[in-house]
Amino acid sequence: MAKNKKLVESITSRDEDFAQWYTDVVVKAELIDYSSVRGCMVLRPAGYAIWERIQKVLDGMFKKTGHVNVAMPMFIPESLLQKEKDHVEGFAPEVAWVTHGGDEELTERLCVRPTSETLFCEHYAKIIHSYRDLPKLYNQWCSVVRWEKSTRPFLRTMEFYWQEGHTAHENAEEAMEETLRMLDIYTEFCEDYLAIPVIRGEKTPKEKFAGAERTFTIEAQMHDGKALQSATSHYFGDGFAKAFDIQYSDRDNQLQYVHQTSWGMSTRIIGALIMVHSDDSGLVLPPKIAPTQIALIPIASHKEGVLEAAEALKDKLEDRFTLILDDSDKSPGWKFSEYEMKGIPLRLELGPRDIKSGSCVAVRRDTGEKISLPLEGIEKAVAELLEDIQNNLYRQAKELRDARIYDAEDYESFKKLIAEKPGFVRAMWCGDEACEEKIKEDTTATSRCIPFAAEGHEATGDRCVCCGKKADKLVIWGKAY
RNA sequence: CGGGGUGUGGCUCAGGUGGUAGAGCGCCUGGUUCGGGACCAGGAGGUCGCAAGUUCAAGUCUUGUCACUCCGACCA
């Protein structure tokens, strides 16, 4: 028993060493393995299954709002990448280049896409001619490569999976509407499915996407109080359209430039999922995103009738829930720990005692609570339990986050809060990039976003927390991943 | 890119001053078990990250290099 305990405790305590805890969970839950390529991870079945769930739900939301999927090439000729000045400047330092095909040196080197704006723009220039061709609402699921200096599983890898939506519209209003519509979809997805509360807002000019006119973001707070940018939605105006010559004839036969957007969410969100909900026993997954919702564990399965009863229960539940029945000869205790480590939201135990009493034991992953459920009408009880787990995870995360958003009026208290209190600080900002720089230098905190005033974030004063000059922007500040 | 740490069976690690490679867990076979990581017996499995060098002899010493990890800088 004592030595077995050691196995259970092989996850580093979250409060003791958050970074090590994170790595332990990711590896022990078998989400990823390290590969022989620096900064690139193997997404193992348990990890990829989460991504597949994310894809399925998000893709459904995209389709419902009229988007269609395409696949763009993974290579971008250097000359194409160069077309939009801010864009290339932003990404050039971190692109991977292909210089040879077989033994022959290429006349023009190809970059491995770090993002696909240029490819979409090139294509749009060819296929958009009339206002009747608009809007174009394209999305693609793919992986991209950025030559990162330091990497961590999910949070920052050299190759990562994501979706990138790229749309073209007749005018600024429509493009802006689309930008915010996608921010809404990401918000809904994070809060309703991942049970991660987010703060919505706009990035400051310093933090916005290379080539964008405006960048909107949803920011989540991790269990250690640090921020993680969970998705972004960019409004491009007609900047890319002018660089790539994407024009159409409008209703009055006048040539117009399109207005564009792009938006993305990546496998990084899985890092958020882990850092928001998981605990010292391993991964915790919200039922609505968990690839497997229930682990059904027969107790004393060699005894007469146990396996049969477990099979019958499985048949009863598997149409409505994703479930695995583990009838392997591992000990029950081993299985309990294993499925806790893997984050399965609900465990059902079925043994001789339960069969005799016509019930089974349910154990919640979020609270550890054990509940006896009558087998009669168990579908409904399980559905309610899963819903309650989903809601509880969201509530817990939101309560913790809300308790860790502080307001600062002056620079001294601002610095003190950032240094001493994990979490976010709300403070006024004058709009000067120099103040952002100074704050970053003094505290390592960055501006996460300018939250929407209509969503409960009204100005807390009229002076910049850094320089004291007149300020009309409330900014959420925090240390970020 | 700077600073710290670590590379030895699948995993976690032990191997003072150089001298034929070890443990626990896991894995395989058989048996007994089964309500919080079970037990017994037998068995398989390692060019010690990689490359040079010193030496009669290198897991151990020297140099280089690669990877992982943590903390910064940079970026998502």
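Just so it is clear: chains get the letters A, B, ... in the order the sequence lines come, proteins before strands, and each one is counted from 1.
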- Message: Counting the atoms with a prime plus P, OP1 and OP2 as sugar-phosphate, which does Pro298(A) contact under 4.0 Å by heavy atoms, base, sugar-phosphate, or nothing?
- Response: nothing
- Task: Check side-chain contact (heavy atoms from CB on, under 4.5 Å) between Glu308(A) and all other residues, then give those that pass, not counting sequence neighbours.
- Result: none
- Which part of the nucleic acid, if any, lies within contact of Pro153(A), taking any heavy atom under 4.0 Å across all strands shown: a base, the sugar-phosphate backbone alone, or nothing? sugar-phosphate
- Name all residues meeting the ring-ring contact (aromatic ring centres under 6.0 Å, His included) criterion together with Tyr481(A); count only those two or more places apart in sequence or in a different chain, and write none if there are none. none
Restricting to nitrogen or oxygen on both sides, can you table the protein-nucleotides 28-31 of chain B pairs closer than 3.5 Å?
none

- Verify the contact: side-chain N or O of Ser331(A) to OP1 or OP2 of A38(B), cut-off strictly under 4.0 Å; return yes or no. yes
- Message: I need a per-nucleotide contact map over nucleotides 71-76 of chain B, read 5' to 3'. Cutoff is protein heavy atoms under 4.0 Å; write B for the base, S for backbone only, - otherwise.
- Response: S-BSBB
- Message: Run the side chain to side chain donor-acceptor pair (under 3.5 Å) test against Glu207(A) and tell me which residues pass, sequence neighbours left out.
- Response: none
- Under the side-chain contact (heavy atoms from CB on, under 4.5 Å) test, which residues partner Lys314(A), sequence neighbours left out? Leu296(A), Glu311(A), Glu318(A), Leu323(A), Leu325(A)
Using atom names, set out every protein N or O paired with an N or O of nucleotides 64-68 of chain B below 3.5 Å, distance rounded to 0.1 Å.
residue: C68(B); atom: OP1; partner: Gly39(A); partner atom: N; Å: 2.8

- Message: For G35(B), does the base pair up with any side-chain atom of Lys335(A) as donor and acceptor (N or O, under 3.5 Å, distance only)?
- Response: no
Quick test: give all pairs of protein nitrogen or oxygen and nucleotides 3-9 of chain B nitrogen or oxygen below 3.5 Å, distance rounded to 0.1 Å.
none

- Query: How would you list, by chain and number, every residue that makes a side-chain contact (heavy atoms from CB on, under 4.5 Å) with Ala19(A), sequence neighbours excluded?
  - Reply: Asp17(A), Arg152(A)
- Residues which pass ring-ring contact (aromatic ring centres under 6.0 Å, His included) with Tyr124(A), listed by chain and number, not counting sequence neighbours: Tyr138(A)
- Message: Among residues at least two apart in sequence or on other chains, which ones pass ring-ring contact (aromatic ring centres under 6.0 Å, His included) with His67(A)?
- Response: Trp263(A)
- Task: Output all residues satisfying ring-ring contact (aromatic ring centres under 6.0 Å, His included) with Tyr161(A), sequence neighbours left out; order by chain, then residue number.
- Result: none
